[in-house]
Amino acid sequence: RFESTTTQKPFYVTTPIFYVNAAPHLGHLHSTVLADLLKRWNQLLGRKAYMLTGTDEHGMKVQQVAQKAGKEPKALCDEISVTFKELAKAANISNDRFIRTTDPDHRIAAQKLWTILQDKGYIYKGKHDGWYCVSDETFYPDNQTQEVTDATTGLPKRISVETGKQVEWTSEENYFFRISKLKDRLLEFYEANPNFVTPKERYDEVKAEVATSSSDLSVSRPSSRFSWGIPVPGDSSQTIYVWLDALTNYLTAAGFAISDDIPMWPADVHIVGKDIIRFHAMYWPAFLLAADLPLPKKILAHAHWQMNGSKMSKSEGNVVDPFYLVELLDADAVRYYLLAHAVLEHDCSFSTESALKRRQSDLIGKYGNLFSRVTSKKFSLENAVKTFNLRFSGDRGAYESMQIERSESFLEKEAALIEDLDALPAKIIKRMEKTDTPGALNDIWAVLGAANKYCEEATPWRTSPINVVSTVYVVAEVCRVVSIILQPFLPEYSVRGLNHLGVHVDRRTIEYARFMADDAYGSDANNGKHLIRVIR
Ligand code: ME8
């Protein structure tokens, strides 16, 4: 009932669309890298994939920042939105669209969804009193707020217990969404789809929250107070609530504004930070249920990056500038650090030193080093080549069509390493089913570690030509197979590696990630100048 009927649809992955109240920080890049990883991972598995990211430009928060800066809201949006777009470029993100909620098709889509909800009887007008938090763009029930003393002014103020942000008593006419009518259907849906919210801890929280919820959701604001948004269709005295507007972006990009037939829908996964689960796992499915549209397959929530012990956040100002980091490390090394370091479940703290260290020890020390061992002229294998008079083309350090025989002894000696290598794809597929990126990279680096060790112990140049050749061959195979698997994680390093080995672009999908895969380099790869050719 909730699934799309087309099986051929592209894998559709999204990031949150980010507020344009300040420039991006490392946390935003983390969600974006995860989405990019999942897109590329699905492509590696042979599936078409589509990735969406963008900016959330309406709402009180943006309106207030613009006012303070003495700018028109749209001008502020243009200015900040472009920094998010540039970050995606700098970080080598392969998003297919960068959506802005000020895009014309999005306005149409948001109004269309509103109209459907209204026609189906889910929207009514009422009076609303409550504690509104501009910073979080949401109302909080009384028991989720508390009075505290402001540290700077010494005056009392009321804040949200959850986020610590100031709330204000707000009383006004709003349109409401009958989410209360959908409570049972939501709970049924969670029950039937235990992986809908991942990780499990977050799923349990969502279920508990929906089970105890009772009030309807205010989905508009008076335009007199707040006009920087999309007007309610047929009543311009009200503006659509920014979260209803924002969530619709996922439908907009799927083509909802122009057609009722949206083959790319539903999304396969919405990547979100754990701060916005309620909106994605409760409100969003409720809107879609009400509109009779299929629900997304998964909400994947990641924990937060911390800085000096508290959540890295624009409003706190304790942020890491992702542009600086990309400059310092390079895009792949930043991705590596984010993916290897952060588990979904727990917050983790950022440190530049540890990012630099991991680049040195893992990327340069193990992955890069293994490539040097097979391809660099400086490495002792070159001596071996000379000693045994093997043909060495000297062309970009590559061995020209080195011909080897597959012999028993060759397989015996390297059996453990080859076995580990061949077990790797299945292991990583399993890890990726849980989006366990630290686990996946750990498995990959275990093989790289073993291969480096094997090189050190093999000292083939002291023995015979066949050993030299087989050692180089096995190590080259580790480089090739690992690079294929690493493409979604390290798109630049891996492609450089595969190019260097001379692996044809058609031979880089997961089925070639196997020791001695048939025609692994492609018969006309690199004009026949691939590293190694095998005769069986
Ligand atoms: O919430 N660690 O936008 P936003 C990891 N516009 N990720 C972090 C992070 C941190 N410290 N801080 C932020 C919004 N993020 C809405 C979304 S979607 C329809 C609308 C990431 O600019 C994380 O993904 O506040 C978080 O959910 C998101 O940025 C919040 O971005």
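Indexing begins at 1, ligand by ligand and atom by atom, following the structure's order.
Checked for salt-bridge contact, K430 and D443 miss the test: no charged N lies under 4.0 Å from a carboxylate O. Checked for salt-bridge contact, E205 and R202 meet the test: a charged N lies under 4.0 Å from a carboxylate O. A salt bridge is defined here as a Lys NZ or Arg NE, NH1 or NH2 lying under 4.0 Å from an Asp or Glu carboxylate O, and D78 with K71 fails to meet this definition. We find that E191 and K207 are joined by a salt bridge, their nearest charged nitrogen and carboxylate oxygen being less than 4.0 Å apart. With respect to E201 and K274, no salt bridge is recorded, no charged nitrogen being found less than 4.0 Å from a carboxylate O. Between K127 and E173 there is no salt bridge, since none of the side-chain N atoms of the basic residue sits less than 4.0 Å from a carboxylate O of the acidic one.
At most 12 non-hydrogen atoms from other residues, nucleotides or ligands lie less than 6.0 angstrom from NZ of K85.
Between Y19 and ligand 1, at least one N/O pair is under 3.5 Å apart. Close N/O approach between M312 and ligand 1 is found [any backbone or side-chain N/O within under 3.5 Å].
Looking at H304 against ligand 1, both its backbone and its side chain come within 4.0 Å, counting heavy atoms. When non-hydrogen atoms are compared, ligand 1 lies under 4.0 Å from neither the backbone nor the side chain of K274. If you look at I271 next to ligand 1, there are no close heavy atoms at all, none under 4.0 Å. Residue-level proximity to ligand 1 for Q306 is absent, since no heavy atom of it falls below 4.0 angstrom. Under 4.0 angstrom from ligand 1, the non-hydrogen atoms of W243 all belong to its side chain.
Judged as a side-chain hydrogen bond (donor to acceptor under 3.5 Å, both in side chains), and not counting sequence neighbours, T138 has no contacts.
Less than 4.0 angstrom separates some heavy atom of A246 from each of these atoms of ligand 1: 19 (C). When each atom of ligand 1 is checked for a heavy atom of S31 under 4.0 Å away, the hits are 21 (C), 23 (C), 24 (O). Taking a cut-off of under 4.0 Å to the non-hydrogen atoms of Y250, the atoms of ligand 1 that pass are 18 (S), 19 (C). Each of the atoms 26 (C), 27 (O), 30 (C) of ligand 1 lies under 4.0 Å from some heavy atom of D275. Every atom of ligand 1 with a heavy atom of D56 under 4.0 Å away is listed here by number and element: 6 (N), 16 (C), 20 (C). Applying the 4.0 Å criterion to heavy atoms of G273 picks out, from ligand 1, the atoms 23 (C), 24 (O), 26 (C), 27 (O).
Of all protein heavy atoms, the one lying nearest to atom 2 (N) of ligand 1 is W305 N, 2.8 Å. In terms of protein heavy-atom proximity, atom 31 (O) of ligand 1 is nearest to F18 CD2, 3.5 Å. In terms of protein heavy-atom proximity, atom 1 (O) of ligand 1 is nearest to I276 CG2, 3.5 Å. Regarding atom 16 (C) of ligand 1, its nearest protein heavy-atom neighbour is I17 O, 3.4 Å. Protein heavy atom at the shortest distance from atom 13 (C) of ligand 1 is H25 CE1, 3.8 Å.
The aromatic ring centroids of F350 and Y337 lie less than 6.0 Å from each other.
Counting heavy atoms from C-beta outward, L182 and Y122 have side chains that approach closer than 4.5 Å. Inter-residue side-chain proximity for H106 and N249 is flagged as met; some heavy-atom pair is nearer than 4.5 Å. In this structure, W265 and F256 have side chains that are not in contact, with every pair of non-hydrogen atoms separated by 4.5 Å or more. Using a 4.5 Å cut-off on side-chain heavy atoms (C-beta onward), L113 and L244 make contact.
Of the listed options A22, G27, P16, G27 places a heavy atom closest to atom 15 (N) of ligand 1.
Heavy atoms of H280 come nearer than 4.0 angstrom to ligand 1 in at least one pair. The closest approach between a heavy atom of H28 and any atom of ligand 1 is below 4.0 Å.
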